[in-house]
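The chain is numbered in sequence order, starting from 1.
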Amino acid sequence: MNNADLSWMLVSTLLVLMMAAPGLALFYSGMVRQKNALSMLSQTLLVFSLGVVLWFIYGYSLAFTAGNPLIGSFDKVLFNGMFTAADQQFSMSGTLPELLFASFQATFAGLTCALVVGSLAERTRLSAILVFTVIWFTLAYLPICHMVWFADEQHGGLLNSRGALDFAGGTVVHINAGIAGLVGAWMIGPRLNYRREAMPPHNLPLTFIGAALLWVGWFGFNAGSALSANENATLAFFNTMLAAAIGVVAWALGEWISKGHPSLLGACSGAIAGLVGITPAAGFVAPSGALAIGLITSLACLWGVNVLKRWLRADDTLDVFGIHGLGGIVGALLTGLFNAPVLGGPGTAAGNSIWMQLWIQLEGVLLTLVWSGVAAWIAFKIAKVVCGGLRVDADHEREGLDIRTHGETGYQH
């Protein structure tokens with residue numbers, strides 16, 4: 001045990017918790033219409049909490065125990081054996097108690113589930129979202145997490161064994177959630193009068209506060225993924241700050257050139273895009289690589305939410321795929337590029353060439369897109385049957401989810 005590592009990881013776990021509630025909840029809530037503001041706070045909080053509970057019951061065991069290359073076992077259901085001194089040590093946790101490692105990973109699981117909510121905003125039944133979460137968490141999040149991150153002395157997940165690089169969740173979190181949200185947006189259909197009437201964010205200051213909290217919390221997300229208070233955490237920390245900063249500047253300039261004005265919503269989106277892009281690379285690239293990744297990912301996501309979204313014909317309400325999905329794809333591929341020593345990176349233990357590492361990264365991207373997309377389709381189909389439909393009725397949608405679903409309103413007039 002190392003007290004410095006333990007202290008840093010306790011703080012990192014709290015920082016990632018802050019990303020979900022209040023960070024993501026406020027970020028999402030400010031972007032919807034006033035009649036649905038409270039529903040976004042409620043859905044984000046409920047889904048995140050459900051993910052944490054499922055993680056404790058069986059999720060951690062299936063993700064981080066030896067089983068086969070696709071999934072783990074039930075050996076540590078209910079965190080079995082993690083409370084006695086003899087069983088504290090786990091090869092992946094380094095100098096930490098395994099309970100702390102599992103706690104840190106619990107926040108990732110809950111946050112990934114909560115990200116999907118943004119694609120389904122303003123028209124989806126709460127019951128359907130919760131049923132979907134249970135099924136998709138089991139069929140998609142846990143296998144992808146195991147395949148990318150699990151490794152011990154004898155076993156490794158499928159993509160981990162192939163040498164895929166994902167420092168803090170480009171595939172596990174962002175691509176995983178992004179494609180699930182896109183599938184959901186297709187299956188549920190667009191909001192009433194989508195593209196026929198304006199649906200602007202109702203409170204951009206709330207979105208700004210949420211984005212700022214996400215940026216601060218992301219230091220726990222990325223630097224915490226070093227699992228130690230060391231030089232690698234320091235590198236990930238600075239890379240996270242730099243990529244987000246250039247993401248803000250790149251998006252603002254891109255909007256200024258293409259639309260004639262830089263928006264606050266765009267600047268916030270640029271920060272998130274830069275953070276998403278650097279997530280898989282944070283501890284694997286030099287700061288010069290982080291600058292390039294933040295810049296390229298931000299511009300790619302600007303194109304994604306303005307052009308690709310129209311091509312896909314999906315009402316992805318809060319652009320979960322356009323920023324998290326697309327940003328995760330770009331970031332995962334660029335990790336393979338800027339990890340190369342010739343571009344300032346440390347290189348891989350296997351000494352892969354740039355082209356070989358890019359191919360391995362592409363394998364991870366494609367597998368995650370297909371696996372999570374199919375799992376999301378199955379989960380939404382089951383939720384539709386169980387809940388009698390995926391979306392609320394038209395009158396319910398017109399009045400707003402706040403009053404009809406929760407019996408409350410976010411604002412008093």
**OP:** Could you tell me whether a side-chain N or O of Arg391 sits under 3.5 Å from a main-chain N or O of Thr124, the two making a donor and an acceptor?
**Re:** no
Original post:
Is the side chain of Asn36 donor-acceptor paired with the backbone N or O of Ser39 at a distance under 3.5 Å, no angle test?
Top reply: no
**OP:** Classify the ring geometry between Trp55 and Tyr141 as parallel (under 30°), tilted (30 to 60°) or perpendicular (over 60°).
**Re:** perpendicular
**OP:** Could you check whether the rings of Phe132 and Phe380 sit parallel, tilted or perpendicular, using 30° and 60° as the cut-offs?
**Re:** parallel
Original post:
Does Asp316 come within less than 4.0 Å of Lys309, counting only side-chain N to carboxylate O?
Top reply: no
Subject >> Asn2 side chain vs Asp5 backbone, donor-acceptor pair below 3.5 Å >> reply: yes
Original post:
Under the 3.5 angstrom rule, does the side chain of His202 hit a backbone N or O of Val32 as a donor-acceptor pair?
Top reply: yes
Original post:
Going by the angle between their ring planes, with limits at 30° and 60°, are Tyr60 and Phe79 parallel, tilted or perpendicular?
Top reply: perpendicular
Original post:
Is the His324 ring parallel, tilted or perpendicular to the His174 ring (thresholds 30°, 60°)?
Top reply: parallel
Subject >> Carboxylate-amine/guanidinium proximity below 4.0 Å for Arg191 and Glu397 >> reply: no
Original post:
Does Leu158 offer a backbone N or O that forms a donor-acceptor pair with the side chain of Arg162 under 3.5 Å?
Top reply: no
Original post:
Ignoring hydrogens and geometry, is there a side-chain-to-backbone donor-acceptor pair from Trp371 to Leu139 under 3.5 Å?
Top reply: yes
Subject >> Test item: Ser29 side-chain N/O and Ala37 main-chain N/O as donor-acceptor pair under 3.5 Å >> reply: yes
**OP:** Would you check if the side chain of Thr317 reaches a backbone N or O of Leu120 as a donor-acceptor pair within less than 3.5 Å?
**Re:** no
Original post:
Has the side chain of Asn339 got a donor or acceptor atom that lies under 3.5 Å from a matching backbone atom of Phe284?
Top reply: yes
**OP:** Measure from the side-chain N and O atoms of Arg404 to the backbone N and O of Asp402, and report whether any donor-acceptor pair falls under 3.5 Å.
**Re:** no
